[in-house]
Amino acid sequence: MKITVVGAGAVGATTADNIIRRELAEEVVLLDIKEGVSEGKALDMYQTAALLGFNTKPVGSTNDYEKTKGSDVVVITSGLPRKPGMTREELIGINAGIVKGVTENILKYSPKAIIIVVSNPMDTMTYLALKESGIPKKRLIGMGGALDSARFKTYLALEMDVSPLDIHGMVIGGHGDTTMIPLTRLATYNGIPVSRFISPEKLEKVAADTMVGGATLTKLIGTSAWYAPGAATLLLVESIVRNQKRIVPCSVSLNGEYGQKDICMGVPVVLGRSGWEKIINIRLSDQEKAAFEKSAEAVRSMNAALNL
Ligand code: NAI
């Protein structure tokens with residue numbers, strides 16, 4: 001198993017670090033355009049092997065795609081992150097060029113790779129990569145819902161003063177402050193609806209906090225977050241590499257599912273060795289359906305900015 005992470009910035013490096021600690025591959029390549037950064041971070045990470053006890057060796061590469069040759073899974077995190085006050089959508093112009101170029105280079109050396117897109121605005125970047133590459137849709141996956149769902153579960157756990165491990169919940173729809181849909185109706189505390197434990201007002205506040213979860217962190221830190229994004233990306237990589245068949249909300253190409261087509265948006269999918277294997281169809285309430293449609297409209301108008 002060989003995994004490449006493109007972009008050795010905050011999210012890319014954290015993702016690669018998580019992957020090597022879990023020994024998910026024999027080889028992990030970390031590639032960045034900035035001279036020396038990926039080599040330096042890879043060496044720094046490898047120096048933790050003797051301390052933490054793992055055997056996977058990370059390899060850095062300054063834009064040399066030959067080193068990524070034969071990768072089974074590729075994670076694309078290259079691109080600008082947002083600064084306080086910015087939306088993910090404002091990154092579109094510059095990141096579109098980066099994601100397009102990176103996807104082309106990756107496929108030259110790893111035509112069979114499963115590609116996970118993290119760069120924002122993620123739903124549009126995933127659709128762009130799909131359109132530009134022409135690879136089978138099941139091999140292109142956008143990471144967003146895994147992170148938003150983790151934030152949702154964390155805010156619920158904080159509100160209820162319980163362990164996040166006992167909370168189940170999902171966020172679907174577009175990966176944007178106003179487009180994501182925390183499914184409060186279906187969230188449970190060990191199988192029991194959370195509405196039994198918190199008031200409707202508090203549940204609504206949890207959903208609202210979840211939606212601006214990324215912006216809240218960007219404001220506090222001064223740039224966008226990386227620990228949870230890196231862990232959420234690991235969840236996707238691990239389910240694929242170990243063929244775990246986990247159900248994770250991911251941005252995938254819809255063809256009539258959830259009433260949408262010609263778009264990538266967050267829906268629950270089963271992740272296994274061949275990529276996303278199937279979409280899980282949840283029966284949405286009328287209100288949730290309307291929110292999904294509104295979310296699709298927003299993602300579509302973002303795609304239109306790139307003539308997609
Ligand atoms: P960062 O600025 O720390 O790292 C980005 C890296 O990409 C830099 O090291 C830069 O040199 C590199 N890069 C730029 N152009 C490149 C190219 N053509 N080829 C190779 N490398 C290139 O940014 P950070 O915080 O790691 O975020 C990365 C992206 O991920 C951003 O677009 C951010 O908005 C997005 N993001 C998405 C999340 C999601 O849930 N989908 C969560 C968090 C961040």
Side-chain angles (χ1 to χ4, degrees), residues 4-18 29-42 60-65 67-68 74-84 86-106 115-129 141-152 171 173-177 179-180 210-218 221-237 248-252 264-266 299 302:
T4 288
V5 179
V6 182
V11 177
T14 309
T15 300
D17 193 33
N18 287 335
V29 178
L30 183 62
L31 182 146
D32 201 284
I33 202 166
K34 272 190 219 144
E35 189 71 40
V37 169
S38 57
E39 286 87 348
K41 289 201 181 181
S61 162
T62 302
N63 231 24
D64 176 4
Y65 279 85
K67 289 203 177 132
T68 69
V74 175
V75 180
I76 300 180
T77 74
S78 45
L80 291 189
R82 55 183 173 157
K83 296 284 171 211
M86 274 175 96
T87 64
R88 294 175 178 90
E89 289 72 17
E90 285 172 69
L91 304 167
I92 191 164
I94 189 136
N95 284 359
I98 293 174
V99 169
K100 193 166 167 253
V102 166
T103 308
E104 275 167 20
N105 282 324
I106 282 297
I115 298 181
I116 298 173
V117 178
V118 179
S119 313
N120 273 317
M122 182 278 294
D123 299 291
T124 297
M125 293 303 115
T126 306
Y127 194 52
L128 171 73
I141 305 164
M143 192 293 287
L147 171 65
D148 300 330
S149 301
R151 287 180 173 151
F152 181 39
V171 177
H175 176 61
D177 293 356
T179 58
M180 69 179 78
T210 301
M211 292 174 81
V212 295
T216 302
L217 293 175
T218 303
I221 304 171
T223 185
S224 87
W226 57 89
Y227 294 116
T233 309
L234 174 74
L235 171 67
L236 272 61
V237 172
V248 185
C250 294
S251 188
V252 299
C264 286
M265 275 180 79
V299 173
M302 191 54 47

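Only heavy atoms go into these numbers, but all of them, side chains included; no hydrogens, no water, no symmetry mates. We count ligands from 1, going down the list as the structure has it; atoms in each ligand are counted the same way.
With distances taken over non-hydrogen atoms, the option nearest atom 39 (C) of ligand 1 out of M122, H175, K34, E35 is H175. The closest non-hydrogen atom to atom 5 (C) of ligand 1, taken over G79, S38, G7, S78, comes from G79. Closest to atom 8 (C) of ligand 1 by heavy atom, among V11, D32, L31, is D32.
Contacts of S251 classified as side-chain hydrogen bond (donor to acceptor under 3.5 Å, both in side chains), with partners at least two apart in sequence or in another chain: D123.
Protein heavy atom in closest approach to atom 4 (O) of ligand 1: G9 CA, 3.2 Å. Counting only heavy atoms of the protein, atom 41 (N) of ligand 1 lies nearest to M143 O, 2.7 Å. Scanning the protein heavy atoms around atom 37 (C) of ligand 1, the nearest turns out to be V118 O, 3.0 Å. When only non-hydrogen protein atoms are considered, atom 20 (C) of ligand 1 lies nearest to I33 N, 3.5 Å.
To the nearest 0.5 angstrom, I141 atom CD1 is 5.5 Å from I116 atom CD1. Between E104 atom CD and Y65 atom OH the span is 10.0 Å, to the nearest 0.5 Å. Within the model, atoms CG of L128 and CE of M122 stand 13.5 Å from one another, a figure rounded to the nearest 0.5 Å. Summarising the geometry, atom CG belonging to L30 is positioned 10.0 Å from atom CG belonging to D17; distances are rounded to the nearest 0.5 Å. Atom CG of L91 sits about 8.5 Å away from atom OG of S224, to the nearest 0.5 Å. Atom NZ of residue K83 and atom OG1 of residue T223 lie 3.5 Å apart, to the nearest 0.5 angstrom.
Proximity of P81 to ligand 1, defined as any heavy-atom pair under 4.0 Å, is shared by backbone and side chain alike. Here L147 has side-chain heavy atoms under 4.0 Å from ligand 1, and that is the only part of it that gets that close. Within the 4.0 Å heavy-atom criterion, the part of I98 lying near ligand 1 is the side chain and not the backbone. The residue V37 has no part lying near ligand 1, judged by heavy-atom distances below 4.0 Å.
Residues T62 and E39 have side chains that bring a donor and an acceptor to within less than 3.5 angstrom of each other.
Near L91, the atoms of ligand 1 lying under 4.0 angstrom from a non-hydrogen atom of the residue are 34 (O). Each of the following atoms of ligand 1 lies closer than 4.0 Å to a heavy atom of P229: 42 (C), 43 (C). For ligand 1, the atoms sitting less than 4.0 Å from at least one non-hydrogen atom of T77 are 28 (C), 29 (C), numbered in the order shown with element in parentheses. Taking every non-hydrogen atom of N120 and a distance limit under 4.0 Å, the qualifying atoms of ligand 1 come out as 32 (O), 33 (C), 34 (O), 35 (C), 36 (N), 37 (C), 38 (C). Proximity to L80 (heavy-atom distance under 4.0 Å) selects the following atoms of ligand 1: 31 (C), 32 (O), 33 (C), 34 (O).
Considering only heavy atoms from C-beta on, M125 stays 4.5 Å or farther from I76 through its side chain. Counting heavy atoms from C-beta outward, M143 and L234 have side chains that stay 4.5 Å or more apart.
Residue A10 has at least one nitrogen or oxygen atom sitting less than 3.5 Å from a nitrogen or oxygen atom of ligand 1, judged on distance alone. Looking at ligand 1, you won't find any N or O of R82 less than 3.5 Å from one of its N or O atoms. Polar contact with ligand 1: absent for A225 (N/O pair, distance under 3.5 Å). Taking distance alone, with nitrogen or oxygen atoms compared against 3.5 Å, N95 approaches ligand 1 more closely than that limit. Taking any N or O of G144, backbone or side chain, none lies under 3.5 Å from an N or O belonging to ligand 1.
Judged purely by atom type and a 3.5 angstrom limit, T103 has no side-chain atom pairing as donor or acceptor with the backbone of A129.
Within the structure, ligand 1 lacks G101 among the residues with a heavy atom less than 4.0 angstrom away.
For the pairing with H175, the side chain to side chain donor-acceptor pair (under 3.5 Å) check across T124, T126, D148 returns one residue only, D148.
The pair D177-R88 counts as a salt bridge, with a side-chain nitrogen and a carboxylate oxygen less than 4.0 angstrom apart.
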